[in-house]
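Working notes for the structure below.
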Amino acid sequence: MTRFWLVRHGPTHAKAMIGWTDLPADLSDTAALARLTAHLPPDAPVISSDLARAVATADALGPRLRLPHDPALREIHFGHWESRSFAQIEAESPALIRAFWDQPGDTRPPGGESWNDLAARTHAALDRLHGAAPDVIVVAHFGPILATLQRAAGLTASQVFAHKIDNLSVTCLTLTPPKVHAINHRP
């Protein structure tokens, strides 16, 4: 059994749909980072998405055993919607963007991936990590954290979208057996 400590990266302050766009994280809140670091298990290895905002947040957790960055832990790929506002996309494709958010599953943005695509690659990444250590810290993004919560809690995609996942928050859970210990905890 591996307990996963899912940490959402530091804020980017972007007001657009940011998935695979590689923006830096604002890690200026050193007090929040210190509380986060103190809250996490000290001997747990750390893995992150390969995007700069996740890598820098993982680096800010102090000296820990680092596993190679994993692109399977990236945020959902918004394709042609990347770096565009919801309002811009809604003006162009109102039915498609509504279906993407209101009925998550197989709907995908042009050139991007669906919720089910994101969930499948995230689950495969965590399955590879299962058993690597009693505790594993995963620094990732909103989508992969929700996809993992969906699996552990047995929720539908629509149900899991009701959860908030703040920057620098911790969602702690196990997948085998499925159990949720904390959601969106801000140490």
Side-chain angles (χ1 to χ4, degrees), residues 2-78 82-83 85-86 101 118-119 121-123 125-126 129-130 132-153 155 159-175 179-187:
T2 297
R3 187 168 40 175
F4 291 103
W5 300 75
L6 305 165
V7 175
R8 185 171 179 202
H9 61 77
T12 65
H13 306 298
K15 303 294 184 214
M17 297 181 74
I18 304 298
W20 287 17
T21 302
D22 205 7
L23 295 180
D26 174 358
L27 300 174
S28 61
D29 189 345
T30 56
L33 285 167
R35 289 189 306 273
L36 175 61
T37 300
H39 176 73
L40 296 169
D43 296 329
V46 177
I47 188 169
S48 71
S49 148
D50 64 338
L51 296 175
R53 58 193 181 269
V55 171
T57 302
D59 289 344
L61 299 178
R64 296 174 185 267
L65 173 64
R66 288 296 294 274
L67 302 174
H69 312 313
D70 190 341
L73 297 171
R74 284 182 174 195
E75 182 57 278
I76 194 165
H77 184 27
F78 289 117
E82 283 285 330
S83 300
S85 73
F86 181 86
W101 291 116
L118 164 76
R121 72 173 159 79
T122 300
H123 296 168
L126 293 180
L129 291 166
H130 184 70
D135 293 288
V136 175
I137 299 166
V138 178
V139 181
H141 311 269
F142 178 81
I145 294 170
L146 281 186
T148 306
L149 176 60
Q150 177 186 0
R151 179 177 169 187
L155 302 173
Q159 289 170 325
V160 83
F161 271 27
H163 288 278
K164 185 175 182 175
I165 304 295
D166 293 319
N167 294 107
L168 302 179
S169 69
V170 178
T171 297
C172 184
L173 50 78
T174 58
L175 296 173
K179 183 174 182 182
V180 177
H181 302 281
I183 301 171
N184 197 40
H185 176 71
R186 293 290 308 247

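Numbering of residues begins at 1 and proceeds along the displayed sequence. For clarity, every value in this text was computed on a predicted model and none was experimentally measured.
- A heavy-atom distance below 4.5 Å is not found between the side chains of D166 and R8.
- Between atom NE2 of residue H9 and atom OG of residue S48 there is a gap of 11.0 Å, rounded to the nearest 0.5 Å.
- Looking at every heavy atom in both residues, E75 comes nearest to H141 through N-CD2, 3.3 Å.
- T57 and A25 get closest at one heavy-atom pair: OG1-CB, 4.0 Å.
- Contact detail for A125 and D70: the closest heavy-atom pair is CB-OD2, 3.7 Å.
- Side-chain atoms of H39 never come within 3.5 Å of backbone atoms of R35 as a donor-acceptor pair (strictly under, hydrogens ignored).
- Each salt bridge (Lys or Arg N to Asp or Glu O under 4.0 Å) pair with one or both residues in residues 15-24, not counting sequence neighbours, would appear here, but there are none.
- Counting only heavy atoms from C-beta outward, the side chains of P144 and L118 approach each other to under 4.5 Å.
- The distance from atom CG of L149 to atom OG1 of T122, rounded to the nearest 0.5 Å, is 12.5 Å.
- Atom CD1 in I183 sits 12.5 Å away from atom NE2 in H185 (nearest 0.5 Å).
- Nearest heavy atom pair, residue T171 against residue N184, reads OG1-N, 3.1 Å.
- H77 meets the ring-ring contact (aromatic ring centres under 6.0 Å, His included) test with W20; sequence neighbours excluded.
- Residue L6 holds its CG atom at 10.5 Å from CD1 of I137, rounded to the nearest 0.5 Å.
- Here the shortest heavy-atom pairing between P24 and R53 reads C-CB, 4.1 Å.
- Taking S83 as the reference, T21 meet the side-chain hydrogen bond (donor to acceptor under 3.5 Å, both in side chains) condition, with sequence neighbours excluded.
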Task: Stepwise side chain to side chain contact (heavy atoms under 4.5 Å, CB included) test for D50 and L73 - done: CA-CA 8 Å; D50 64 338; L73 297 171; over 6 Å; no
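- Applying side-chain contact (heavy atoms from CB on, under 4.5 Å) to V7 and the options V138, V46, L40 leaves one that passes, L40.
- Looking at T37 and R64, their side chains come closer than 4.5 Å, going by heavy atoms from C-beta outward.
- Not one N or O on the side chain of H69 forms a donor-acceptor pair closer than 3.5 Å with the backbone of A52.
- Note that CD1 of I76 is 10.0 Å distant from CD of E82, once rounded to the nearest 0.5 Å.
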Task: V136 and H130: CA distance, side-chain angles, deciding distance, side chain to side chain contact (heavy atoms under 4.5 Å, CB included) verdict - done: CA-CA 9 Å; V136 175; H130 184 70; over 6 Å; no
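- A side-chain contact (heavy atoms from CB on, under 4.5 Å) with F4 is found for one member of I145, I47, D135, L173 and no other, namely L173.
- Rounding to the nearest 0.5 Å gives a distance of 11.5 Å between CG of L126 and CZ of R121.
- For the residue pair T174 and T2, the shortest heavy atom distance occurs at CG2-O, 3.5 Å.
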